[in-house]
Amino acid sequence: QVQLTESGGGLVQAGGSLRLSCEASGRPFSVLIMAWFRQTPGTEREFVASMSRGSGGTYYADSVKGRFTISRDNSRNSVYLQMNTLKPEDTAVYSCAAGFGRSGSYYASDDYAYWGKGIQVTVSS
């Protein structure tokens, strides 16, 4: 079983930056694909960004391309989400997710078997 623990987040003004971190335990990290999703009250969970194993590719939602960067450090069993030029519409609970990449997809919630508890990101106008 994989356990995911997010950190970072908080309150920032529009145009500012935050970095989210997610540490995985209970499984060799290098075999996992990793992702970030977000959700606001009353809405469906939305894909934000994902990353394949090792030095593979990265994938982003259109709404965050050019502003957010996902990265991973296998030596630290961690994945990160650098969020720049934040907008009020980025306000959400952000969750880290891990999967095994067997589906061949990196965008759907069903592609990920393990989830963190989520952390709040609030962007003020």
Side-chain angles (χ1 to χ4, degrees):
Q1 182 172 278
V2 177
Q3 294 180 329
L4 303 174
T5 304
E6 300 106 332
S7 61
L11 175 65
V12 66
Q13 289 186 305
S17 299
L18 287 173
R19 191 179 79 147
L20 306 182
S21 299
C22 174
E23 183 178 0
S25 62
R27 184 81 177 182
F29 186 71
S30 61
V31 308
L32 300 171
I33 61 169
M34 303 296 298
W36 291 94
F37 289 77
R38 66 188 183 187
Q39 187 172 25
T40 57
T43 68
E44 296 294 321
R45 187 158 51 196
E46 175 189 19
F47 169 79
V48 176
S50 61
M51 191 168 192
S52 60
R53 303 179 185 88
S55 59
T58 56
Y59 310 89
Y60 297 94
D62 289 341
S63 60
V64 306
K65 285 182 179 178
R67 300 189 298 120
F68 291 12
T69 303
I70 187 171
S71 62
R72 66 190 294 162
D73 185 343
N74 289 344
S75 69
R76 294 177 178 267
N77 296 332
S78 296
V79 64
Y80 309 95
L81 185 68
Q82 179 67 45
M83 303 182 292
N84 297 327
T85 319
L86 283 161
K87 305 174 181 179
E89 51 263 44
D90 294 318
T91 295
V93 173
Y94 285 71
S95 297
C96 175
F100 297 103
R102 300 187 187 278
S103 68
S105 172
Y106 293 86
Y107 305 97
S109 295
D110 289 348
D111 297 327
Y112 300 92
Y114 305 99
W115 295 83
K117 296 184 183 298
I119 49 175
Q120 179 69 45
V121 171
T122 302
V123 184
S124 62
S125 301

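Every value quoted in this text rests on a predicted model; they were computed, and no experiment measured them.
Tracing side-chain contacts under 4.5 Å through hydrophobic residues (I, L, V, M, F, W, Y), one never reaches Y80 starting from Y94; they form parts of separate clusters. Transitive grouping of hydrophobic side chains (ILVMFWY, heavy atoms separated by less than 4.5 Å) keeps V93 and M34 in distinct clusters. The hydrophobic cluster containing V31 also contains F29, counting ILVMFWY residues as joined when their side-chain heavy atoms lie under 4.5 angstrom apart, directly or transitively.
With rounding to the nearest 0.5 Å, the separation of CG in L32 from CG in N74 is 9.0 Å. Between the CG atom of L20 and the CH2 atom of W36 there is a distance of 4.5 Å, given to the nearest 0.5 Å.
A salt bridge (charged side-chain N to carboxylate O under 4.0 Å, His left out) check over residues 97-111, counting only residues at least two apart or in different chains, returns nothing. For residues 70-83, the set of pairs meeting the salt bridge (charged side-chain N to carboxylate O under 4.0 Å, His left out) definition, not counting sequence neighbours, comprises D73-R76. Under the side-chain hydrogen bond (donor to acceptor under 3.5 Å, both in side chains) criterion, the residue pairs touching residues 116-125 are Q120-T122, with sequence neighbours excluded. The disulfide (SG to SG under 2.5 Å) contacts involving residues 94-125 comprise C22-C96, where partners must be two or more places apart or lie in separate chains. Annotation: side-chain hydrogen bond (donor to acceptor under 3.5 Å, both in side chains) contacts involving residues 7-35, sequence neighbours excluded, comprise S17-N84.
Qualifying side chain to side chain donor-acceptor pair (under 3.5 Å) partners for T40, counting only residues two or more places apart in sequence or in other chains: T43. For A14, the side-chain contact (heavy atoms from CB on, under 4.5 Å) partners two or more places apart in sequence, or in a different chain, are P88, V123. Taking D62 as the reference, K65 meet the salt bridge (charged side-chain N to carboxylate O under 4.0 Å, His left out) condition, with sequence neighbours excluded. Here T69 pairs with Y60, Q82 under the side-chain contact (heavy atoms from CB on, under 4.5 Å) rule; sequence neighbours left out. Residues passing the salt bridge (charged side-chain N to carboxylate O under 4.0 Å, His left out) test with R38, sequence neighbours excluded: E46, D90.
Residues V2 and A24 come closest through the heavy atom pair CG1-CB, 4.3 Å. Across all their heavy atoms, A49 and L81 have their closest contact at CB-CD1, 4.1 Å. Nearest approach of G9 to I119, heavy atoms of both residues: N-CD1, 4.4 Å. Minimum heavy-atom separation, S52 to G57: OG-N, 2.7 Å.
Residue Y59 belongs to a hydrophobic cluster whose other members are I33, F37, F47, Y106, Y107, Y112, W115, with links defined by side-chain heavy atoms closer than 4.5 Å.
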